[in-house]
Amino acid sequence: MKTQKRINIAIDGPSGVGKTIMSTMLAKTLGYKFLSSGSFYRVVAYNALQNRLDLNDEESINNAWNIEDIHVTEDDKIIFRGQDVSKLIRQEEVSMAASAIAKFPLIRAKVNKFIQSFGLKHKGIIVDGRDATYRILPQAEVKFFLWATPEVRANRRVAQDLELGLKADYNEVLEDIKIRDYNDTNRKFDPLKISEGSIVIDTSNMSIQENFDVMYKEVRKRLDDEK
């Protein structure tokens, strides 16, 4: 039986549109590896904190690590210089530091290079982000841009928070989403946009399963073409 060729998939879209859950579902169904770019910014931030670097010093932070330092295992553990940092990078301090350094162009370029190198060596990866289709993985065989209205995304976020027992104010959440959309769309480096060749899916009136079914169908089309 002929082995089916594996492809790479990139998923763009604004905050709260469901990129992560779709990436996770596709990865599980296809037997692919989901690489969240945010995890690698956390690794870089963790290293900067360990070395007590100034989080405003872009060059020092970037020079303190090499692409070869990071490895992703078969069971999705993230290894940095031989140490399993999968849990360590989830600390709140690391999360905040990652947010601070992710804006630097040098660091973004280097993280992207790591993901691109990984994708060339290990076909069958799924990457999400606000610039995944044109900056992180521009050569992906399938590219998606997910969208939903700010109002729909706010309702989803509030519902999720309530399920977790957290208080959430719809108007505050909606305002936050609108501000993030504006900032993401208008930022100088790697703004949120629909890139050429991307399949646009408006998920506003879709359930999670309906959204997944549409995306999976598009991926299957490409895989069938590759036979």
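Quick caveat: nothing in here was measured; it's all calculated off a predicted structure.
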>> Would you compute the distance between atom NZ of Lys87 and atom CD1 of Ile89 and round it to the nearest 0.5 angstrom?
In response: 12.5 Å
> Is the shortest distance from a Lys or Arg side-chain nitrogen in Lys217 or Asp213 to a carboxylate oxygen in the other one below 4.0 Å?
Replying inline: no
>> I'd like to check the side chain to side chain donor-acceptor pair (under 3.5 Å) partners of Ser195; sequence neighbours left out, ordered by chain and number.
In response: Thr133, Ser198
>> Hydrophobic clusters here meaning ILVMFWY residues chained together by side-chain heavy-atom distances under 4.5 Å, can you tell me if Ile208 and Ile201 are in one?
In response: yes
> Checking side chain to side chain contact (heavy atoms under 4.5 Å, CB included) for the pair Ile199/Val214: CA distance, chi angles, key distance, verdict?
Replying inline: CA-CA 10 Å; Ile199 299 165; Val214 170; over 6 Å; no
> Any chance CD1 of Ile179 has more than 12 other-residue heavy atoms, nucleotides or ligands included, within less than 6.0 Å?
Replying inline: yes
> By the rule that ILVMFWY residues connect when side-chain heavy atoms come within less than 4.5 angstrom, directly or transitively, which residues belong alongside Val152?
Replying inline: none
> Roughly how far, to the nearest 0.5 Å, is the CG atom of Asp225 from the NZ atom of Lys5?
Replying inline: 11.0 Å
> How many angstroms lie between CD in Glu58 and NZ in Lys103, if you round to the nearest 0.5 Å?
Replying inline: 9.5 Å
>> Checking Asp75 now: which residues fulfil side chain to side chain donor-acceptor pair (under 3.5 Å) with it, not counting sequence neighbours?
In response: Thr73
>> I'd like to check Leu30 versus Leu223 (side-chain heavy atoms, cut-off strictly below 4.5 Å). Are they in contact?
In response: yes
> With sequence neighbours left out, which residue pairs that include part of residues 11-34 fulfil the salt bridge (charged side-chain N to carboxylate O under 4.0 Å, His left out) condition?
Replying inline: Lys33-Asp76
> Is Asn205 atom CG crowded by more than 12 heavy atoms from other residues, nucleotides or ligands, each under 6.0 Å away?
Replying inline: no
> Are Tyr182 and Ile194 linked, directly or through other ILVMFWY residues, by side chains that come within less than 4.5 angstrom of each other?
Replying inline: no
> How would you list all residue pairs meeting ring pair (Phe, Tyr, Trp, His ring centres under 6.0 Å) that involve residues 61-84, not counting sequence neighbours?
Replying inline: none
> Is there any side-chain hydrogen bond (donor to acceptor under 3.5 Å, both in side chains) pair reaching into residues 43-52, and which pairs are they, with sequence neighbours excluded?
Replying inline: Asn47-Asn51, Asn47-Arg81
>> Can a donor-acceptor pair be found, under 3.5 Å and without considering hydrogens, that links the side chain of Asp224 to the backbone of Lys221?
In response: no
> Does any pair with a residue in residues 110-157 pass ring pair (Phe, Tyr, Trp, His ring centres under 6.0 Å), and if so which ones, sequence neighbours excluded?
Replying inline: Phe40-Phe114, Phe118-His122
> What is the distance from atom CD1 of Ile177 to atom OG of Ser15, rounded to the nearest 0.5 Å?
Replying inline: 6.0 Å
> Just by modelled atom types, is the Asp69 backbone N or O under 3.5 Å from a matching donor or acceptor in the Asn66 side chain?
Replying inline: no
> Tell me the side-chain hydrogen bond (donor to acceptor under 3.5 Å, both in side chains) pairs involving residues 107-121, sequence neighbours left out?
Replying inline: Arg108-Asp131, Arg108-Asp190
>> Regarding Asp128 and Thr20, do their side chains bring together a donor and an acceptor under 3.5 Å, going by distance alone?
In response: yes
>> Please give me the minimum heavy-atom distance between Arg90 and Ser39, naming the atom from each residue.
In response: NH2-OG, 3.0 Å
Below 3.5 Å, can you tabulate the donor-acceptor pairs from side chains in residues 91-99 to any protein atom, sequence neighbours excluded?
{"residue": "Gln91", "atom": "NE2", "partner": "Leu88", "partner atom": "O", "Å": "2.8"}

> Atom CZ of Arg130 and atom CG of Asp184: how far apart are they, to the nearest 0.5 Å?
Replying inline: 4.5 Å
> Do Val127 and Ile11 touch side chain to side chain, with heavy atoms closer than 4.5 Å?
Replying inline: no
>> So, taking the atom named CG in Leu106 and the one named CD1 in Ile101, what distance separates them when rounded to the nearest 0.5 Å?
In response: 11.5 Å
>> If the condition is side chain to side chain donor-acceptor pair (under 3.5 Å), which residues does Ser204 pass it with, not counting sequence neighbours?
In response: Asp202
> Restricting to pairs with a member in residues 151-175, which pass side-chain hydrogen bond (donor to acceptor under 3.5 Å, both in side chains), not counting sequence neighbours?
Replying inline: Arg153-Asp181, Arg156-Thr203
> Are side-chain heavy atoms of Ile125 and Ile9 found at a separation under 4.5 Å?
Replying inline: no
>> Tell me every residue that passes ring-ring contact (aromatic ring centres under 6.0 Å, His included) with Phe212, counting only those two or more places apart in sequence or in another chain.
In response: Tyr216
>> With heavy-atom distances below 4.5 Å as the criterion, would you say the side chains of Leu35 and Ile126 are in contact?
In response: no
> Cluster question for you: counting only ILVMFWY and a side-chain heavy-atom cut-off of under 4.5 Å, with indirect links fine, are Val44 and Ile79 together?
Replying inline: no
> Would you say Ser37 and Ile136 make side-chain contact, with heavy atoms under 4.5 Å?
Replying inline: yes
>> Starting from Val72, can I reach Tyr32 by hopping between I/L/V/M/F/W/Y residues whose side chains sit under 4.5 Å apart?
In response: no
> Linking I/L/V/M/F/W/Y whenever their side-chain heavy atoms sit closer than 4.5 Å, directly or via other members, would Val200 and Met215 fall into one cluster?
Replying inline: no
>> In the structure I gave you, are the side-chain heavy atoms of Phe34 and Leu26 within less than 4.5 Å of one another anywhere?
In response: no
> Heavy atoms, side chains only, cut-off 4.5 Å: are Arg222 and Ile7 in contact?
Replying inline: yes
> Side chain of Asn63, backbone of Glu59: donor and acceptor closer than 3.5 Å?
Replying inline: yes
>> If you define the side chain from C-beta out and look only at heavy atoms, does anything of Ser36 sit under 4.5 Å from Arg42?
In response: no
> What are the two closest heavy atoms between Leu55 and Ala48, and how far apart are they?
Replying inline: CD2-CB, 4.1 Å
> Between the main-chain N or O of Ser86 and the side-chain N or O of Asp84, is there a donor-acceptor pair closer than 3.5 Å?
Replying inline: yes
